[in-house]
Number of protein chains: 2
Amino acid sequence: MAVTIYDVAKKAGVGIGTVSRVINKSPQITDATKSRVLVAIKALNYQPHTVAQSLARRRTNTIGCIIPFFTGFFYLELLRGIQRTATSLQNDLILYSVDNKSNKEIFLSRVLKERRVDGVLLVSLEIDDDYAEQFSVQHFPIVLVDGDHAVLDSIKVDNIEGARQATNHLIGLGYPTIAMIDGQLKSVPARLRLAGYKQALAEHGRAFDESYFVACDFAEEADGFNKEAGYVAMQRLLDLGDRRPRSVFVSSDIQAIGAMRAIRERSLRIPEDVAVVGFDDIELAEHVGLTTVKQPTTRMGQVAVDRLIAKVTCKPGLDKEFKQKLTTELVIRESCGG
Amino acid sequence: MAVTIYDVAKKAGVGIGTVSRVINKSPQITDATKSRVLVAIKALNYQPHTVAQSLARRRTNTIGCIIPFFTGFFYLELLRGIQRTATSLQNDLILYSVDNKSNKEIFLSRVLKERRVDGVLLVSLEIDDDYAEQFSVQHFPIVLVDGDHAVLDSIKVDNIEGARQATNHLIGLGYPTIAMIDGQLKSVPARLRLAGYKQALAEHGRAFDESYFVACDFAEEADGFNKEAGYVAMQRLLDLGDRRPRSVFVSSDIQAIGAMRAIRERSLRIPEDVAVVGFDDIELAEHVGLTTVKQPTTRMGQVAVDRLIAKVTCKPGLDKEFKQKLTTELVIRESCGG
DNA sequence: CAAAGTGATGGAAGGGCTTCCAAAGAATAA
DNA sequence: TTATTCTTTGGAAGCCCTTCCATCACTTTG
């Protein structure tokens with residue numbers, strides 16, 4: 001059978017409390033006893049039973065992460081930031097991955113009642129008001145990542161600012177006309193990116209021109225953020241003939257890839273005929289030389305875990321609400337010229 | 001305070017053992033008592049404390065997964081298969097991700113002693129003999145994924161067969177000359193893929209021609225499986241001038257991407273001048289129309305977890321060694337013509 | 001009708017730790 | 001010296017379950 005704290009205590013000739021204190025680095029232990037215990041621990045090759053510790057301490061040193069079935073680079077990088085930070089703060093990470101909506105609810109309620117994790121990260125998923133309420137009332141630590149809710153802590157990227165950066169880049173390069181291709185307007189990021197686009201135009205005294213704006217409301221899949229939608233949307237802009245825009249800000253890289261294909265199919269060149277900026281900085285973007293807006297994904301994971309664990313350990317200054325927005329970064333490649 | 005099994009027992013007017021039996025679906029409970037208990041559980045909104053269950057049962061219903069810091073699609077898909085299968089078998093998944101080698105050892109020894117997980121998956125990582133020994137002796141369930149060791153269960157893809165498929169495809173299309181670009185020969189998959197290539201050639205009575213084989217031994221990073229290495233290697237083949245190969249099997253997609261660039265830079269066409277097959281089926285492969293060998297990645301995760309949990313639960317027939325090889329699948333796109 | 005068997009139930013013990021309280025010992029003050 | 005305070009230590013109780021054993025209420029059998 002496995003060696004327990006009692007074996008160590010007997011071997012070292014001390015009480016179990018003393019052994020426990022040594023393990024937990026309690027200060028009030030004489031160096032002599034401490035080293036006796038340490039020797040016994042080494043001799044028996046003892047390691048505390050984590051599960052028993054969790055039960056007694058009412059702390060698992062584990063955080064949960066509810067994340068939609070991770071496709072794409074974004075989630076990989078996010079997970080990397082989360083994992084790395086958790087490990088560095090001596091926490092383990094349990095992954096709950098969500099296939100469909102009902103799944104999410106199950107995980108939320110499990111997390112809340114099983115007490116298997118000290119806190120939870122909810123990534124890219126909406127949370128109902130009554131669940132939010134429960135977490136809030138029970139003081140169960142939760143941080144929303146790439147999402148938001150009135151009563152809960154959240155961290156996300158500043159979509160408006162990112163869209164502004166992209167648009168300003170095109171303005172700065174002197175393009176006379178700047179179109180925008182957006183996702184479905186019912187999606188939150190799509191609306192925010194539109195707002196940033198409009199804001200940048202307004203700041204430079206440019207009017208928003210309805211005919212230069214295409215929302216992919218016709219495309220269902222992935223809220224319009226997909227290759228085909230970008231392709232179709234770009235066709236519409238190119239159909240303007242002479243009035244076609246000189247440059248376009250596309251609200252996601254994957255749409256931009258589709259848009260670029262549409263441009264090339266008409267024998268137009270990028271950026272000489274039409275300049276393109278994307279959003280996201282997916283892996284493909286580098287390959288096709290797409291200038292785009294990079295989200296600080298790894299960082300987001302890190303900040304989220306830091307905050308979550310601060311809440312778990314009741315660090316001071318946690319009452320104030322935490323609504324962090326991280327700023328994006330423009331990655332300049334070849335698709336805009338300049 | 002949280003509601004415990006005692007509260008439920010009192011409310012239902014039964015003993016705690018009875019409540020426990022209801023929770024664990026023990027058969028010998030009358031329907032009447034069972035429903036009384038169920039009512040009480042519902043009324044109190046009771047849910048068992050997972051940690052306490054783990055301690056009492058000496059089973060955590062959790063598996064660990066030690067995985068190198070997941071870059072690339074391969075790990076995403078693998079993780080998807082692992083996660084999905086674990087969830088469907090009522091197990092949670094703890095992710096230990098490895099940044100560097102020492103990290104791996106730490107996780108291995110923690111897993112072994114902390115008893116926080118019932119079993120562990122070791123992905124794409126080598127394991128020292130003495131650790132393998134320890135797992136073996138202690139009967140601690142472990143399954144190697146995309147790796148191997150004499151005394152441990154393992155599951156991986158059949159690299160030899162995959163390389164044969166790729167080479168045979170080129171042979172079948174009638175290409176007179178078939179070169180190969182490989183990773184560093186010190187890497188195991190590189191050697192296996194070479195073996196498959198040679199085997200296919202031999203089966204069709206073709207000689208292995210040293211001058212048509214380039215191993216990327218000059219490239220350090222990622223065992224030679226990277227874009228630049230592929231680019232350089234292809235240059236060498238193209239430098240053969242008139243004797244340059246009519247087709248080439250590249251041992252990874254990422255190298256193939258580099259190779260394709262080298263081909264295009266000499267104003268040669270794919271597949272009209274040089275046909276290319278890759279290996280891996282990364283996301284980019286589809287985008288560039290690369291014919292390639294797809295690994296059954298998700299499936300591998302699934303099989304691994306199935307096996308691991310079978311071991312944990314001591315299903316019969318586990319003594320025989322388990323060394324599974326999954327077969328690859330050729331994905332035909334445009335880079336080979338035909 | 002008693003004896004033996006069957007099935008459902010209660011609850012103590014045990015899983016391995018932390019923590020609190022009391023006690024012993026050491027150090028200081030009077 | 002004795003009284004007082006401070007440190008260090010031992011170990012019981014508690015964290016919340018599962019499981020085993022004893023018990024009790026019925027059946028069945030002879």
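Proteins come first, then strands; the chains are lettered A, B, ... in the order of their sequence lines, and each starts at number 1.
Residue Ser20(B) has a polar side-chain atom (N or O) positioned under 4.0 Å from OP1 or OP2 of dT18(D). Residue Gln53(A) has no polar side-chain atom (N or O) positioned under 4.0 Å from OP1 or OP2 of dG16(C). OP1 or OP2 of dC17(C) has at least one side-chain nitrogen or oxygen of Tyr46(A) nearer than 4.0 Å.
Comparing Ala52(B) and Ile16(B) along DNA chain C, the residue whose closest nucleotide (by nearest heavy atom) sits nearer the 5' end is Ile16(B). A residue-by-residue look at Val14(A) and Arg21(B) shows that Val14(A) has its nearest nucleotide of DNA chain D further toward the 5' end. Both Tyr6(A) and Gly13(A) sit near DNA chain D, but only Gly13(A) has its closest nucleotide nearer the 5' end.
No more than 12 heavy-atom neighbours from other residues, nucleotides or ligands sit within 6.0 angstrom of CZ on Arg299(A). Counted within 6.0 Å of CD on Gln138(A), heavy atoms from surrounding residues, nucleotides or ligands total more than 12; the atom is thus considered enclosed.
Using a 4.0 Å cut-off between a side-chain N of Lys or Arg and a carboxylate O of Asp or Glu, Arg110(B) and Asp92(A) qualify as a salt bridge. Ion pair Lys323(A)/Asp153(A) not flagged as a salt bridge, since none of the NZ, NE, NH1 or NH2 atoms sits closer than 4.0 Å to an Asp/Glu carboxylate oxygen. A salt bridge does not link Asp146(A) with Lys156(A): none of the charged nitrogens is closer than 4.0 Å to a carboxylate oxygen.
Residue Arg58(B) places no side-chain atom within donor-acceptor reach of the base of dG14(C), judged by atom type and a 3.5 Å distance cut-off alone. Evaluation of atom-type donor-acceptor distances gives no pair under 3.5 Å for the side chain of Arg57(B) against the base of dG16(C).
Among the atoms of the strands shown, none is found under 4.0 Å from any heavy atom of Val51(B). As judged by a 4.0 angstrom heavy-atom cut-off over every strand, Thr30(B) is placed among residues touching the sugar-phosphate backbone only. Within 4.0 Å of Ile23(B), counting heavy atoms only, lies no atom of the nucleic acid at all.
Taken from OG1 in Thr328(B) to CG in Asn159(B), the straight-line distance is 8.0 Å, to the nearest 0.5 Å.
The distance between atom NZ of Lys113(B) and atom P of dG16(C), rounded to the nearest whole Å, is 16 Å.
For DNA chain D, the neighbouring residues in residues 33-40 of chain A, judged by any heavy atom under 4.0 Å, are Thr33(A).
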